[in-house]
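Order of the sequence lines fixes the chain letters, A, B, ..., with proteins taken first and strands second; residue numbering starts at 1 for each chain.
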Amino acid sequence: MIDQNIQILKQIIAPAGLKQNILNLIEVEERDFPKIQGMKRLALVSAMALFLSLGLLGKIEKSSAGDLEYALISGHADYQTIVMSKN
Amino acid sequence: MTDEELVNHVQNGDKEAFSRLIDRYQGKVFRTVVSLVGSHPDAEDLTQEVFLRAYKSIKSFRLQSSFSTWLYRISANMSKNFNIRRRVVSFITLDWKLGTILSVGDENKEVQETADSLLQCLQKIDEKYRQVLVLKEIEGIDYKEISKIMGLEIGTVKSRLSRAKEKLRIKWRDDHG
């Protein structure tokens, strides 16, 4: 009985329009990705400018640039938290 | 054109080739995902995500396995992650409902009801059993490929399938007398 019923599941077909939705998603992804990257760079430059104006930039190790970018973009930390942690 | 040739085209920037891969696999991926997650609307979203993930990762795909094996692995992993997330959400609400799963009319209502019931039973067995059952019995993938998709020994796949069918049988009997 179960084996017969399993055969029924083989009849499931993909909903209409699925392929177009996938292609649309890909298009959005490709179109917006460079924009997001650009925004990240802009945010990083702004952050660096802020640190520089506060006289804090020299206290941050070069190797922390990746952490800084991640924290700023992901919203996991604000500027002050990063500066405090690096000090 | 073979899958491998299409993959090579996509890796060289030919988006149309990916469109042809979607044509080939959208039904299989959707069927796999809906059987693993149970809900039609969720499966539709997840299928889209599977293909998007595949597209974004295809440049690093080195054809060490077949494209279909790779795609099924993505489908299985994403379905598994989805179910984990849903279990967390289910602490808040448990009332998700199955949608229409078959593209059939009223004359096939009985078939549709059977499929709905079976999907509900499938959701009640452990993920590890459900995956192997769906890949083997619904998608007809052979043991060797399933072992690659799931990262298991072939013997383990076979024994897991046997237990999976037994567990499904028990659930079905419990629900339908």
Side-chain angles (χ1 to χ4, degrees), chain A residues 1-48 61-79 81-82 85, chain B residues 15-16 18-23 25-35 40-41 43-45 47-56 99-104 108 110-119 121-122 133-134 136-140 165-173 176:
Chain A
M1 182 65 175
I2 270 292
D3 291 320
Q4 285 170 358
N5 286 340
I6 286 174
Q7 297 299 316
I8 288 173
L9 292 182
K10 293 181 182 176
Q11 298 174 45
I12 296 173
I13 59 167
L18 181 62
K19 178 184 165 185
Q20 194 52 52
N21 288 343
I22 294 166
L23 294 175
N24 291 346
L25 269 179
I26 289 171
E27 198 183 319
V28 168
E29 181 81 14
E30 288 190 326
R31 192 185 57 217
D32 289 349
F33 187 68
K35 197 162 66 187
I36 292 166
Q37 291 300 302
M39 286 166 65
K40 277 186 179 181
R41 277 194 297 276
L42 186 65
L44 188 58
V45 169
S46 303
M48 290 298 183
E61 297 291 327
K62 273 186 182 175
S63 60
S64 67
D67 295 343
L68 177 65
E69 183 180 16
Y70 169 76
L72 291 174
I73 305 305
S74 63
H76 279 78
D78 57 25
Y79 299 163
T81 310
I82 296 164
S85 67
Chain B
K15 210 189 290 182
E16 179 55 31
F18 194 72
S19 176
R20 290 180 64 183
L21 287 169
I22 297 173
D23 282 335
Y25 287 102
Q26 61 174 338
K28 291 172 189 292
V29 169
F30 179 75
R31 226 171 6 251
T32 303
V33 171
V34 80
S35 304
H40 183 272
E44 194 170 341
D45 288 346
T47 302
Q48 293 174 24
E49 293 296 324
V50 166
F51 278 102
L52 184 63
R53 174 78 59 89
Y55 184 77
K56 285 163 74 175
T100 307
I101 58 152
L102 296 170
S103 187
V104 293
N108 284 320
E110 197 179 323
V111 170
Q112 193 172 309
E113 282 171 0
T114 303
D116 278 352
S117 299
L118 198 59
L119 278 178
C121 281
L122 267 175
L133 189 70
V134 168
K136 182 73 178 74
E137 298 299 333
I138 299 173
E139 287 310 308
K165 287 175 88 169
E166 188 50 34
K167 283 175 184 292
L168 185 62
R169 233 177 242 119
I170 292 167
K171 291 288 177 196
W172 181 266
R173 214 181 298 138
H176 298 84

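Contact tally against chain A (heavy-atom pairs below 4.5 Å) for S19(B), C121(B), G140(B), A43(B): the top residue is S19(B).
Taking CD of Q26(B) as the reference point, atom CG of N21(A) lies at 10.0 Å (rounded to 0.5 Å). Rounding to the nearest 0.5 Å gives a distance of 5.5 Å between CD of E27(A) and NZ of K15(B). To the nearest 0.5 angstrom, K19(A) atom NZ is 14.0 Å from Q48(B) atom CD.
When the side chain to side chain donor-acceptor pair (under 3.5 Å) test is applied to R53(B), no partner is found at least two apart in sequence or on another chain. Shown here are the side chain to side chain donor-acceptor pair (under 3.5 Å) partners of K171(B), two or more places apart in sequence or in another chain: there are none.
Contact annotation for D3(A): only side-chain heavy atoms (C-beta onward) come within less than 4.5 Å of a heavy atom of chain B. Neither the backbone nor the side chain of K28(B) comes within contact range of chain A, judged by heavy atoms closer than 4.5 Å. In this structure, the portions of L168(B) lying under 4.5 Å from any heavy atom of chain A include both its backbone and its side chain.
Within a 6.0 Å sphere centred on NZ of K136(B), other residues, nucleotides and ligands contribute more than 12 heavy atoms.
In terms of heavy atoms, A14(A) sits closest to F30(B) at CA-CD2, 3.7 Å. In plain terms, the two heavy atoms of E137(B) and K10(A) that are nearest each other are O-CE, 2.8 Å.
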Intermediate values then yes/no, side chain to side chain contact (heavy atoms under 4.5 Å, CB included), L118(B) and I8(A): CA-CA 9 Å; L118(B) 198 59; I8(A) 288 173; 5.9 Å; no
Audit row: V34(B), L9(A), side chain to side chain contact (heavy atoms under 4.5 Å, CB included) steps and yes/no: CA-CA 10 Å; V34(B) 80; L9(A) 292 182; over 6 Å; no
Side chain to side chain contact (heavy atoms under 4.5 Å, CB included) evaluation trace for Q7(A) with I138(B): CA-CA 7 Å; Q7(A) 297 299 316; I138(B) 299 173; over 6 Å; no
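Side-chain contact between I12(A) and H40(B) is absent, with no heavy-atom pair separated by less than 4.5 Å.
Under the side chain to side chain contact (heavy atoms under 4.5 Å, CB included) rule, F51(B) has a single partner from L25(A), I22(A), L18(A), L23(A), which is I22(A).
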